[in-house]
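In what follows, residues are counted from 1 in the order of the sequence shown. Because only heavy atoms are used, hydrogens play no part in the values below, and waters and symmetry mates are left out as well, while side chains stay in.
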Amino acid sequence: MPEPVALQAPIYEIKAELFKALSHPVRIRTLELLSAGDRPVSALLADIGIEASHLSQHLAVLRRAGAVTKARQGNSVTYSLADPSVADLLTVARTFLLHRLGEASGVLADLTEPDEVGAVRGAAGERA
């Protein structure tokens, strides 16, 4: 659960803190894996391929942000998404990025297509 003081901040500041917590590839990958279902730390380690101490630090950041929860059963610790909307957030981000990449691909294709006299346009649109 977020700190009570943090709840008094404007929502845009709280969102910024969440995005800071998500701003590492290991944390994004961890959330993607957890989107498919709960996972013990051992499985996360095997899938992500980093040292246990590093994964522990990333999981702590995600816990403080309220994105994941953990449950201990004996010696095993299993992590879960704190809320299904975390998976939705990742899906929306992926859709946004795919659209942006599609636009960029279209622009690049336009730049490399020959114009009516067979010249290829340069980066600024002038004939090469």
_Assess the residue pair V41 and T78 against the criterion (side chain to side chain contact (heavy atoms under 4.5 Å, CB included)); give the C-alpha distance rounded to whole Å, side-chain angles, the decisive distance to 0.1 Å, and a yes or no._
CA-CA 6 Å; V41 172; T78 300; over 6 Å; no
*For residues 43-55, pull every pair meeting side-chain hydrogen bond (donor to acceptor under 3.5 Å, both in side chains), keeping only residues two or more places apart or in separate chains.*
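Listed once each, the pairs are R39-D47.
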So do [Y] and [X] actually touch side chain to side chain, heavy atoms under 4.5 Å?
| X | Y | answer |
| --- | --- | --- |
| K70 | V77 | yes |
| S35 | V86 | no |
| L55 | T30 | yes |
| L59 | Y79 | yes |

*Is there a path from V92 to L62 through hydrophobic residues (I, L, V, M, F, W, Y) whose side chains come within less than 4.5 Å of each other?*
no
Which residues pass the salt bridge (Lys or Arg N to Asp or Glu O under 4.0 Å) test with [X], not counting sequence neighbours?
| X | answer |
| --- | --- |
| R72 | none |
| R94 | none |
| E13 | none |

Considering only distance and modelled atom types, tabulate donor-acceptor pairs under 3.5 Å from the side chains of residues 95-102, sequence neighbours left out.
unit_1	atom_1	unit_2	atom_2	d
T95	OG1	T91	O	3.0
R100	NH1	E103	OE1	2.8

_Spatial distance of atom OG (S56) from atom CG (L45) [nearest 0.5 Å]_ = 9.5 Å
*Calculate, to the nearest 0.5 Å, the distance between atoms CG and CZ belonging to L44 and R29 respectively.*
10.0 Å
*asked:* Checking K20 now: which residues fulfil side-chain hydrogen bond (donor to acceptor under 3.5 Å, both in side chains) with it, not counting sequence neighbours?
replied: E17
*Give the minimum heavy-atom separation between A9 and I14, together with the two atoms involved.*
O-CD1, 3.5 Å
*With V68, which of L34, V61, D83 fulfils side chain to side chain contact (heavy atoms under 4.5 Å, CB included)?*
L34
*May I have the step-by-step check of side chain to side chain contact (heavy atoms under 4.5 Å, CB included) for R63 and T69, ending in yes or no?*
CA-CA 6 Å; R63 274 195 326 272; T69 60; over 6 Å; no
